[in-house]
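Have a look at the structure below before the remarks.
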Number of protein chains: 2
Amino acid sequence: MVSNWTEDNLISIRERVYIHIKDLILEGEFKAGDRLVERELAERLNISRTPIREALFRLESQGFVKTVPRKGVIVADISEKEIIEVFTILSSLEVLAAKLAVQKLDDETKSKFIACINKVKACLQDKRESDYSDLHFEMNHLLYSSAKNTKLYEILSGLSDYIKAFAKLGYKKTGRAEQSMEEHIKIMEAIVNQETEMAEFLTKIHIENSRKAYIESVKKGEKK
Amino acid sequence: MVSNWTEDNLISIRERVYIHIKDLILEGEFKAGDRLVERELAERLNISRTPIREALFRLESQGFVKTVPRKGVIVADISEKEIIEVFTILSSLEVLAAKLAVQKLDDETKSKFIACINKVKACLQDKRESDYSDLHFEMNHLLYSSAKNTKLYEILSGLSDYIKAFAKLGYKKTGRAEQSMEEHIKIMEAIVNQETEMAEFLTKIHIENSRKAYIESVKKGEKK
DNA sequence: ACCAATAATAACGTATCATTTTTCATAACC
DNA sequence: GGTTATGAAAAATGATACGTTATTATTGGT
């Protein structure tokens, strides 16, 4: 009987290390091209090298770092072209997620969406910009999970993290954050109202706008 | 089968182990629920446990095995529901790939497609069923790569492997293989002729048919 | 200034120890 | 007599330390 294998949920050192290093990359502590030396990390975290290596390999297969055999590990150096490619994929998959979210909408998810909408609206009125990042994360994951498709959730989360780590989105200056929030509200309202095509359309526009904002921020960055 | 281990020290051991174990899962040698014991594998391949573990963790992050801390690793037990979910994702992404393939079509890719079409046609006429599996693989990867989107290629390859490993497609008996080949030919012809919408439409139908064939084969399997 | 030889460094893989889980046998209880 | 508890032994994973090999940096010589 293989049943009770999947139940338990303990946390191992390598799991913590993985989360830790990934966070450092997502937060920009480790930047593209930085070398991640096993021994240094091991000393820094006061553990042996094995869990470090396991975490690094895991990060590699998700595209966050790049390992060159016999040389070492560096934080992935993602080109703008690749980021734009990821936006293209996101466009397809978030539209799919929106469609599925409408199809599979149940009462529990519905109330989650409504709660989220109100939260975002309150945040916008108070102009609590500090909460924008967390809220953005929360909205995305609510949308991703409400599609009720395990693999889709994993892929979208991965791509979303990827964008977070490597696309330095210049939100604050462009006022894109507010616009993005409002787009999200409309998307969520469409889902709650079960308007499939509207939800798909709004999602497509939303990603398109995000992509444009990214391209814009890249251009500005190059000029200086 | 495990003989050629000492030759070619060019790539690392963990890389070979990863490919080896993944192949065993894809070929059905290791089935869902099977335990993968580090020590057993290490003895079987005559190496130490470290490279085995690295390979296993890598397989985990791609969804082929499942590890439970302090307990061990088992080959993922994928439900029919999850397979169908993956078909849903494939539908979106292969349609996207078809669209991109048309948009980014260049002469080199074009001739590859034409060569592939002829190859498949010849194979169909001769009824060389043994080649079907390889050809299917070849066609898919030609389509995936011609979208010229690195991440999309990775995701599609992963999902394709996933289907291969866990959906036991009953091709031969249903005549689905021939039908699938013909669908592929039409898709590739549409791409070569730069008919975007036709390529998208045919791809969508193709995945839909594959999904139906899978569901059919599952039903039959349950009856016996 | 450039090339070769050597030393230092870091990744790769093995061996070993420690901890946890599982299994199996014995015993107690219903 | 059969089922469940308990505990010790075996087995498997988690982590560390160590040796080896390959790459990189440095030094010395031409």
Side-chain angles (χ1 to χ4, degrees), chain A residues 1-22 24-25 30 33-77, chain B residues 2-22 24-25 30-62 64-77:
Chain A
M1 189 93 72
V2 200
S3 57
N4 62 350
W5 271 68
T6 53
E7 253 66 54
D8 289 2
N9 222 349
L10 266 115
I11 189 134
S12 57
I13 291 186
R14 88 166 143 274
E15 182 70 16
R16 282 205 296 275
V17 172
Y18 165 75
I19 294 170
H20 184 72
I21 299 179
K22 186 174 169 184
L24 290 177
I25 295 175
F30 289 144
D34 284 359
R35 268 194 87 177
L36 298 181
V37 180
E38 293 174 8
R39 223 158 52 95
E40 281 177 16
L41 289 167
E43 282 172 16
R44 185 169 163 176
L45 303 178
N46 232 36
I47 53 170
S48 80
R49 282 172 41 219
T50 306
I52 304 278
R53 296 180 57 180
E54 290 164 352
L56 289 178
F57 291 129
R58 199 165 149 192
L59 286 168
E60 187 205 10
S61 70
Q62 297 181 1
F64 291 104
V65 303
K66 204 174 139 189
T67 80
V68 183
R70 281 275 161 208
K71 291 200 175 172
V73 178
I74 59 171
V75 178
D77 194 356
Chain B
V2 199
S3 52
N4 57 347
W5 268 87
T6 44
E7 64 187 49
D8 245 41
N9 278 343
L10 290 168
I11 55 174
S12 59
I13 293 185
R14 76 159 157 275
E15 184 70 17
R16 284 206 300 277
V17 172
Y18 166 74
I19 294 170
H20 185 72
I21 299 179
K22 186 175 169 185
L24 290 177
I25 294 175
F30 289 145
K31 289 168 194 165
D34 283 359
R35 262 189 92 171
L36 298 181
V37 180
E38 292 175 9
R39 225 177 95 83
E40 279 178 17
L41 289 167
E43 281 174 13
R44 184 169 162 177
L45 305 176
N46 231 36
I47 55 172
S48 78
R49 277 172 48 211
T50 306
I52 304 279
R53 298 183 56 174
E54 290 166 352
L56 289 179
F57 291 132
R58 199 165 150 192
L59 286 168
E60 187 205 11
S61 71
Q62 299 182 357
F64 291 103
V65 303
K66 197 167 171 176
T67 80
V68 182
R70 278 277 159 210
K71 293 201 175 171
V73 177
I74 58 170
V75 177
D77 194 356

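Naming: A, B, ... by sequence-line order, numbering from 1 per chain.
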Using whole Å, report how far CD of A/E40 lies from C1' of C/dA11.
-> 13 Å
Rounded interatomic separation in angstrom, taking CD1 from B/I13 and C1' from C/dG13 | 7 Å
CD of B/E15 versus P of C/dA11: gap in Å, rounded?
-> 18 Å
Nearest-angstrom distance from the residue atom CD of B/E38 to C1' of C/dT20 | 13 Å
Between A/S48 and D/dA15, does any side-chain N or O lie under 4.0 Å from OP1 or OP2?
-> no
Can you tell me how far P of C/dC12 sits from CD1 of B/I52, to the nearest Å?
-> 16 Å
Check every strand shown and say whether B/R49 touches a base, only sugar-phosphate, or nothing at a heavy-atom separation below 4.0 Å.
-> base
Selection from D/dT24, C/dC12, C/dA15 that lies nearest to any side-chain heavy atom of A/K71 | D/dT24
How far does NZ of B/K66 sit from CD of B/E60, to the nearest 0.5 angstrom?
-> 9.0 Å
Residue among A/R16, A/R14, A/R49 satisfying salt bridge (Lys or Arg N to Asp or Glu O under 4.0 Å) with A/E54 | A/R14
Distance from A/I25 atom CD1 to A/H20 atom NE2, nearest 0.5 Å?
-> 10.5 Å
Using atom CZ of A/R39 as one end and atom C1' of D/dA17 as the other, report the distance to the nearest whole Å.
-> 13 Å
Under the criterion side-chain contact (heavy atoms from CB on, under 4.5 Å), which of A/I21, A/T67, A/V75 is the partner of A/L59?
-> A/I21
When the distance from OH of A/Y18 to P of D/dA15 is rounded to whole Å, what number comes out?
-> 17 Å
Taken to the nearest whole Å, CG/A/L56 to C1'/C/dA11 is 11 Å
Ignoring hydrogens and angles, does a donor from either the side chain of A/R70 or the base of D/dT21 sit under 3.5 Å from an acceptor on the other?
-> yes
Could you pick out which residue, A/L36 or A/T50, lies toward the 5' side of DNA chain C when each is mapped onto its nearest nucleotide?
-> A/L36
Reckon A/R53 touches a base, only the sugar-phosphate, or nothing at all at heavy-atom distances under 4.0 Å?
-> base
Where each residue is assigned the nucleotide of DNA chain D containing its nearest heavy atom, which of A/N46 and B/V37 is assigned the position nearer the 5′ end?
-> B/V37
Within 45° of the ring axis of B/Y18 and under 6.0 Å from its six-membered ring centre, is that where the NZ or CZ of B/R58 lies?
-> yes
Quick note, B/R35 side chain, CB onward, closest among D/dA12, D/dA15, C/dT14 is D/dA12
